[in-house]
Amino acid sequence: MAKSPRALITKCAISRFPCRAQGTPDGSARFSAARARCPQVTRLIMKTLNDAFEHTLQDIYYAENALTKALPKMAKAASSAHLQEALKAHLTETKEQIKLLDQVFKSIGKKAEGEKCDAIEGLIKETDGIIEEAEGAALDAMLIGAAQAVEHYEIARYGTLREWARQLGEDEAHDLLTQILDQEKATNAKLTALAVGEVNAAKPSKATAKA
């Protein structure tokens, strides 16, 4: 069965750059091969700040939606009741942030849609590994570390998007992105407080110590 143009792009692409990261300087060899199989495949090159803004917005939209699936698993794996509560609260907040991103897309006249985010996929994969390989105090500490790695990524992305929105004169988008950025910073601070005040200081149980 012939693959669709979208399937070809997905298979050989990182984000919206078909074949750019496939072992050749500009991916021209792989791209030419894909285009030979399907003439409708076209390379999408970002040339303006607006292009970068829209692409990164799609990137973070994908990331937030992916997190709505990852956070419940993290909360279920945590043994600390406070950490469970924090992760569940952030899940609720993440769903609200997706709605805010919907408004951002609407404000710039674009359809809300995601573009595969390899960074968040990697962070989630790493978190899955932590859940499989750690337990007890180590698991809780590492889950906080994983959650903060995600927060730091999001803070960087939203900080960039906010400033790009300001530069592009997208005032509504700027305000909405600022709101999300402030929430991410607050969540990161809460996780730090939880780590320092409780999880990192947790003493192993007698059973664990004897083992």
Side-chain angles (χ1 to χ4, degrees), residues 15 56-105 112-162 173 175-211:
S15 278
T56 306
L57 192 59
Q58 292 175 334
D59 185 269
I60 200 66
Y61 192 74
Y62 177 99
E64 295 290 17
N65 278 280
L67 286 173
T68 63
K69 299 178 178 65
L71 285 167
K73 293 190 294 183
M74 295 173 70
K76 183 178 180 180
S79 59
S80 164
H82 290 153
L83 178 54
Q84 290 177 359
E85 291 172 6
L87 292 170
K88 289 177 181 178
H90 190 50
L91 172 61
T92 299
E93 188 174 65
T94 298
K95 291 177 179 179
E96 291 301 317
Q97 289 170 348
I98 291 172
K99 293 179 181 179
L100 291 174
L101 287 174
D102 286 336
Q103 294 179 45
V104 173
F105 277 105
E113 58 183 1
E115 189 73 37
K116 184 179 178 182
C117 174
D118 294 285
I120 205 68
E121 288 289 331
L123 289 169
I124 290 174
K125 183 177 181 180
E126 182 178 48
T127 303
D128 289 340
I130 289 171
I131 292 173
E132 292 178 1
E133 299 167 8
E135 61 183 27
L139 175 57
D140 286 346
M142 295 182 75
L143 282 175
I144 290 180
Q148 288 196 283
V150 171
E151 289 305 313
H152 294 168
Y153 172 76
E154 291 182 312
I155 288 170
R157 276 288 180 256
Y158 283 119
T160 296
L161 282 167
R162 181 184 66 172
D175 293 343
L176 290 166
L177 291 165
T178 297
Q179 184 177 339
I180 300 175
L181 177 61
D182 289 344
Q183 290 176 350
E184 300 293 5
K185 289 180 178 179
T187 296
N188 184 62
K190 290 175 183 176
L191 289 169
T192 295
L194 180 58
V196 174
E198 178 184 329
V199 174
N200 294 353
K203 294 181 180 181
S205 64
K206 292 182 179 180
T208 302
K210 290 180 180 179

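Predicted model, so just to flag it, every value in this text is computed and none were measured.
With contacts defined as side-chain heavy-atom distances shorter than 4.5 Å, the pair Asp128/Lys73 qualifies. Inter-residue side-chain proximity for Thr68 and Ile98 is flagged as met; some heavy-atom pair is nearer than 4.5 Å. Side-chain contact between Asp182 and Tyr158 is absent, with no heavy atoms from C-beta onward closer than 4.5 Å. Here the side chains of Leu143 and Ile131 are in contact, with some heavy-atom distance below 4.5 Å. Proximity of His90 to Glu151: side-chain heavy atoms (C-beta onward) are separated by under 4.5 Å at one or more points.
A donor-acceptor pair under 3.5 Å links the side-chain atoms of Gln148 to the main chain of Asn188, judged by distance alone. Within the 3.5 Å criterion, the main-chain N or O of Ala78 finds a donor-acceptor partner in the side chain of Gln84.
Here the straight-line distance linking atom CG of Leu161 with atom CG of Leu181 works out to 10.0 Å at 0.5 Å rounding. To the nearest 0.5 Å, the span separating CD1 on Ile130 from CD on Glu135 amounts to 14.0 Å. To the nearest 0.5 angstrom, Glu113 atom CD is 10.0 Å from Leu57 atom CG. One finds the CG atom of Leu71 at 9.5 Å from the NZ atom of Lys95 (value rounded to the nearest 0.5 Å). In this structure, the separation between CG on Leu194 and CG on Leu83 is 5.5 Å, given to the nearest 0.5 Å. Between the CD atom in Glu93 and the CG atom in Leu87 there is a gap of 12.0 Å [rounded to 0.5 Å].
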Starting from the C-alpha separation in whole Å, work towards a yes-or-no answer on side-chain contact (heavy atoms from CB on, under 4.5 Å) for Gln183 and Glu96.
CA-CA 11 Å; Gln183 290 176 350; Glu96 291 301 317; 5.8 Å; no
side-chain contact (heavy atoms from CB on, under 4.5 Å) assessment of Ile180 paired with Leu176
CA-CA 7 Å; Ile180 300 175; Leu176 290 166; 5.6 Å; no
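Between Ala146 and Thr127, the closest heavy-atom pair is CB-OG1, 3.5 Å. Smallest separation of non-hydrogen atoms from Ser79 and Asp140: OG-OD2, 2.6 Å. Taking all atoms of both residues into account, the shortest heavy-atom contact from Ala141 to Val199 is N-CG1, 3.4 Å. For Cys117 against Tyr62, the heavy-atom pair with the smallest separation is N-CD2, 3.3 Å. Residue Ala77 comes nearest to Leu139 through the heavy atom pair O-CD2, 3.3 Å, listed as atom of the first residue, atom of the second, then distance. Here the closest non-hydrogen pair linking Glu154 and Ile60 is CG-CD1, 4.2 Å.
Atom CD of Glu126 has 12 or fewer heavy atoms from other residues, nucleotides or ligands within 6.0 Å.
Residues Glu85 and Lys88 are not paired through a salt bridge, judged by the lack of any N-O separation under 4.0 Å between the basic side chain and the carboxylate.
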